[in-house]
Amino acid sequence: MFFALLKKQFIQFIRRPQELIILLLMPFVLIVILGFSLGSIMSDKPGFEATVGVVVKGDEEEEIERFKKELALQSLPEEAKKQVFTTVDHMKPIEFLLQNTFQQKEVTQFIKMKQISDTGLEKAKRSNEYSAIMVFPEGFSYGVLQNQFLKRNIENPPLTIIQNEDKSIGADTVTSIIEAYQQKLSLYTYASQVNPEKAGNIEIVGSLGEKETANKEKPLSALAYYAIGMSMMFVLYLAPSLATNAYVEKEAHSLSRIILANVSPTLYYFSIFCTGFLLALCQLLILYSLVAICFGIIWPNLLAFLTITVAVSMAVGGISACLSSVVHRCNSEDMVSIFRNVIVTILAFLGGSFFPTEQLSSQLAKIGEIVPNGAGTQAYLRVLQGESILNISGELFTLLMTAVVMFSTVWLLGRKVWKS
């Protein structure tokens, strides 16, 4: 009898092709749309590119040699002069900025640097190619070294940054990097005065570093995040679909015939539980297979992935059976509409299907961890970031308890349905 009930549930579901489209096609389409449209926001790669022009009007090597000759004539101890010479060789102001900041790997991903001749400056200013143009005047390096090491308060030729107002994001980014460079330059000079030998070994990097999570986990792409978020949202739509079938059965008096056939309520609702479990399992496996084939999102721990998928499917099966018993008990399809249009949306919001809830508040994130789709989302995310199955035991417990609590509710309501 159980397998007959299970077969009946599957036939009823397959006869409604619009449900298949909603449960399989819609989440995949949303994964693609959200993944690509929000990719630059959630990815560790910036969402813009900038071209920076560089104009050097003087000869830095000649200015450094000029400074060294002037330093040699100063009435300073030979050891002090030697220390300054060592520091200057490691800290050529213009080269320090261009090579150790703008040519860092993390910066070159979004900022391209181009040399511009002095005669080509006016043409470059009229062009819309550059987000910003840095102009190093003649005597710039010499003035910086004079002020930093000889403490001469001479007027240093200023570095000019010509910003393109049409490309303000790139221009502001360049300005921020220059400000960070000035701070690092002062720090480097101070370190050289305290311990010149160690200062020469300091590696100065750009103002932007590699992105990583606080616990050193691998960052997730937007496609990976929304593949999980959308699958956890749309798997919940199985419950109202199966509950609708259960309501139609009661309206068509099929449920009365099942009761007259002496089928226990536990067996009947358990068939709905198993149907929801198997359909959810198939839905998740198909979705994640498509994502893996189309976007290359591969699970590093297949056993943990399958364990989570089974636990999520059991929770969905429990919700499906519970909602079906509630519909029978209330004798109304309104509960299906409320669950589909309101409750699923709320659960998706709390569970982080639309965006990480911890961005709003830590309390909201904690609430999201105790709802079934939120627990599934967190478990999938952790496994995709390389964590072991032992680290997701809390999420698995939440999912299994959801299945147990939902089916316990079914057992109580189902007996009343059979008696009514």
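Hydrogens, waters and symmetry mates play no part in the numbers below; they use all other heavy atoms, side chains included. Residue numbers run from 1 in the order of the sequence given. Keep in mind that this is a model prediction, so the values were computed, not measured.
Here the straight-line distance linking atom CZ of Phe273 with atom CE of Met406 works out to 11.5 Å at 0.5 Å rounding. Note that the CZ atom of Phe407 and the OG atom of Ser320 stand 11.5 Å from one another [nearest 0.5 Å]. Here the CD-CG distance, from Gln385 to Asn301, works out to 14.0 Å after rounding to the nearest 0.5 Å. Thr51 OG1 to Tyr130 OH: the interatomic distance, rounded to the nearest 0.5 Å, is 7.5 Å. If you take CG on Leu267 and CD1 on Ile272, they are separated by 10.5 Å, rounding to the nearest 0.5 Å. For the atom pair Cys322 SG and Leu412 CG, the distance stands at 10.0 Å (nearest 0.5 Å).
A donor-acceptor pair is defined here as one N or O able to donate and one able to accept, closer than 3.5 Å; no such pair exists between the side chain of Arg382 and the backbone of Ile392. Side-chain atoms of Glu138 do not come within 3.5 Å of backbone N or O of Lys57 as any donor-acceptor pair. At distances below 3.5 Å, not a single donor-acceptor pair connects side-chain atoms of Ser393 with backbone N or O atoms of Ile389. At distances below 3.5 Å, not a single donor-acceptor pair connects side-chain atoms of Gln378 with backbone N or O atoms of Glu369. Looking at Asn391, its side chain never comes within 3.5 Å of a backbone N or O of Glu387 through a donor-acceptor pair.
By the side chain to side chain contact (heavy atoms under 4.5 Å, CB included) test, Ile286 is found to be paired with Leu24, Leu290, residues two or more places apart in sequence or in another chain being considered. Residues that satisfy the salt bridge (Lys or Arg N to Asp or Glu O under 4.0 Å) test with Glu60, not counting sequence neighbours, are absent from this structure. By the salt bridge (Lys or Arg N to Asp or Glu O under 4.0 Å) test, Glu249 pairs with Lys8, sequence neighbours left out.
Checked against a 6.0 Å centroid threshold, the rings of Phe354 and Phe349 do not count as neighbours.
Between Phe234 and Tyr237, the ring-plane angle classifies as tilted under the 30° and 60° cut-offs.
Between Ile133 and Val135 there is a side-chain heavy-atom pair separated by less than 4.5 Å.
In terms of heavy atoms, Val383 sits closest to Pro300 at O-CG, 3.3 Å. In this structure, Ala321 and Tyr269 approach most closely via the heavy-atom pair CB-O, 3.6 Å. What you find for Leu399 and Val312 is that their closest heavy atoms are CD1-CG2, 3.7 Å. The two residues Ser353 and Asn373 have their closest heavy-atom pair at OG-ND2, 4.4 Å. The minimum heavy-atom distance between Leu238 and Gly276, with the atom names listed, is CD1-O, 4.2 Å.
Checked by atom type, the side-chain pair Ser231/Tyr288 shows a donor-acceptor distance below 3.5 Å. Inspection of the Tyr380 and Thr309 side chains reveals an N or O donor paired with an N or O acceptor under 3.5 Å.
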**Message:** For Lys125 and Glu122: C-alpha separation, side-chain torsions, deciding distance, then whether salt bridge (Lys or Arg N to Asp or Glu O under 4.0 Å) applies.
**Reply:** CA-CA 5 Å; Lys125 288 166 63 176; Glu122 291 302 320; 3.6 Å; yes
